[in-house]
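Below is one structure, written out as structure tokens; the observations come after it.
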Amino acid sequence: MQKIYVKPKDYWMNDPNGFIYYKGMYHLFYQCFPYAPRWGRMHWGHVVSKDLVNWEEQGIALFPSKTDDRSGCFSGSAIEEDGKMQLYYTGVNYLTENPEDINLCVDEHFVSAQLMITSEDGIHFDNIKDKKTVIPVIHDADIGDARHTRDPKVWKDGDIWYMVLGSTINDKQGKLLFFTSTDGEEWKFENSVTRENFGWMWECPDYFKIGDKKLLSTSVQGLEGGIWEDRNVYQSGYFEIEGDILGEYKLSEYHLWDYGFDYYAPQSFETEDGRRIHISWMGMPDCEEYSNPTIQTGWQHCFTFPREIFEKDGKICQRPIRELEEKKHLVSDVKGMLAGEGYPVYEMTISDITKNRFKVILSEKLILDYADGKFRMHFTDQDKTSVSSGRSMRYVEVEEVENLKILADTSSVEVFVNDGEYVFSTRYYPEVYKLQAEAVGAQITLSEIM
Ligand code: FRU
């Protein structure tokens, strides 16, 4: 059972959707299949929170109910307009005899449209007759793909509405589509962003500024060869944009949001006090390498803890949101070495590490260390019945590790390296909650999260 990480009450969860602060509450929706702990015909689950730490289940918000979304309500986003909450999402329609059984629909005969629904209070979405298709299936291949165009992220800048969608060029090259609108209902295609030889599908896009930097985030499928061989099957990261996404632009290299095993499809929003916070599915689609034993107890997957994205010395970094501070209870603050047992939910920090001399062992099987110019997260045992449930090693090349922050819940760990310049997320399934940390001369603190 996870404590501070959002998980589905039962069954299946994937992407975060519709992350928004609305009428005094944080709302977070998620891709869910409410009938089995596996992916299926997608619905939107819904949780709300006053502090981004404790979440309350609200039940199903969106479910397939019209031709355009009869095979699933895929990912999307939320926006407030005139005091109402508007959700934008992708409706999927399998063109088969039985469109409700997505297991019969692996033959790729489907189309995708972008839909919208408005709620007076952000809780009730039962006016299903008011679902509107705002961007019908795109049949012009020069614009987008009729099947793989999805995950509308909508925002407003002044009077102009913007939408970015994930897509592909002929199932060969990932692409993002930008639309604008003056009312949130009539949308005009403006521009697309792509890069050659960089994956076949770009999905779950997001666009925002951190200081002066314009970031275009997307999850990419189909990166192979070279460095990608040591990484996950799919990636989530961002490009920095120079120029104008609606005109002339230049994309930087692609930076990963996370180097761990379980991280995909993050979505962000801006808080009232101007922080850019994102949250991600702590899972990985189409992954054969490892699995999750929670399936046996009827659920699968959770989210990462919400992270603030910020800039430090010109670098984009991430840290757990500060709302966590109030939940922390200091257990020990020592130099050089720490051992503890019986804390399933905690934060551990190691600061002032010198010469990369540190080693952390979590639950006897998950190791964080430094070797051959790499920060590494690895499991001692890759067996599917072990703590790793099949996970092996992830790493990043870095000259110097100066500090680490480890945030753990019952079955998940996030490690922030060098003030969050690199982050590693993984699920793990411990039999014992044991902590061992060694770092000559460094300061080590352990706080339990209550
Ligand atoms: C990403 C994704 C999205 C899609 C959703 C369907 O994990 O494939 O592109 O909207 O999952 O559940």
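Side-chain atoms are counted along with the backbone in the values below, which use heavy atoms only and exclude waters and symmetry mates. Numbers here simply count residues along the sequence, with the first being 1. This one's a predicted model, so the numbers in the text were calculated from it and none came from an experiment.
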Any luck finding a side-chain donor-acceptor pair between R276 and S268 under 3.5 Å? yes
Please tell me whether F29 and W44 form a close aromatic pair, meaning their ring centres lie under 6.0 Å apart. yes
Only one of K384, R394, R231, R391 passes salt bridge (charged side-chain N to carboxylate O under 4.0 Å, His left out) with E289, and that residue is R394
Is it true that atom NZ of K23 has more than 12 heavy atoms of other residues, nucleotides or ligands lying nearer than 6.0 Å? yes
Donor-acceptor pair between Y30 and N14 side chains, under 3.5 angstrom: no
For residues F303 and Y5, establish whether the separation of their ring centroids is below 6.0 Å. no
Compute the centroid of each ring, for F375 and then for F424, and state whether the two points are separated by less than 6.0 Å. yes
Centres of the Y263 and W281 rings: under 6.0 Å? no
What residue among L115, I79, I117 forms side-chain contact (heavy atoms from CB on, under 4.5 Å) with Y88? I79
Do K66 and D68 pass the salt bridge (charged side-chain N to carboxylate O under 4.0 Å, His left out) test, and can you show the C-alpha distance, the side-chain angles, and the key distance before you say yes or no? CA-CA 6 Å; K66 59 181 277 179; D68 276 351; 5.0 Å; no
Walk me through it: do V417 and V396 pass the test side chain to side chain contact (heavy atoms under 4.5 Å, CB included)? CA-CA 10 Å; V417 183; V396 68; 5.9 Å; no
Is it true that D369 and H378 share a donor-acceptor pair across their side chains at a distance under 3.5 Å? yes
Side-chain donor/acceptor of Q267 to backbone N/O of F19, under 3.5 Å: yes
What are the two closest heavy atoms between E120 and Y22, and how far apart are they? O-OH, 3.1 Å
Between T385 and D383, is any side-chain donor less than 3.5 angstrom from a side-chain acceptor? yes
Assess, by modelled atom type and distance only, whether the side chains of Y264 and N232 contain a donor and an acceptor separated by less than 3.5 Å. no
Other residues, nucleotides and ligands only: do more than 12 of their heavy atoms fall within 6.0 Å of NZ on K156? yes
Look at atom CD of E186 and say whether more than 12 heavy atoms of other residues, nucleotides or ligands are closer to it than 6.0 Å. no
Any side-chain donor paired with an acceptor under 3.5 Å for D230 and Y395? yes
Could you tell me if T90 and Q114 have a donor-acceptor pair between their side chains, going purely by distance under 3.5 Å? yes
Just checking, any donor-acceptor pair under 3.5 angstrom between side chains of N54 and S49? no
Answer yes or no: is there a donor N or O on one side and an acceptor on the other, between the side chain of K3 and the main chain of I449, under 3.5 Å? yes
Any idea which heavy atoms bring F310 and D419 closest together, and the distance? CZ-O, 3.5 Å
If we count only N and O atoms by modelled type, under 3.5 Å, do the side chains of S119 and D121 hold a donor and an acceptor together? yes
Under 6.0 Å between ring centres, would you say that holds for F239 and W202? yes
Between K131 and F63, is NZ or CZ placed under 6.0 angstrom from the six-membered ring centre and within 45° of the ring axis? yes
I'd like to know if the side chain of S388 pairs up with that of D381 as donor and acceptor (distance under 3.5 Å, no hydrogens or angles considered). no
Kindly state whether the ring of W155 and the ring of Y162 have centres lying under 6.0 angstrom apart. yes
May I ask you to check whether D262 and S425 show a side-chain donor-acceptor distance below 3.5 Å? no
Ring centres under 6.0 angstrom apart (F189, F179): yes
Any side-chain heavy atom of M25 within less than 4.5 Å of one from K50? yes
Ring centroid separation for H148 and F110, is it under 6.0 angstrom? yes
More than 12 heavy atoms of other groups within 6.0 Å of E325 CD: yes
Residues R322, D273: salt bridge by 4.0 Å N-O rule: yes
Is it the case that the ring center of H43 lies less than 6.0 angstrom away from the ring center of Y11? no
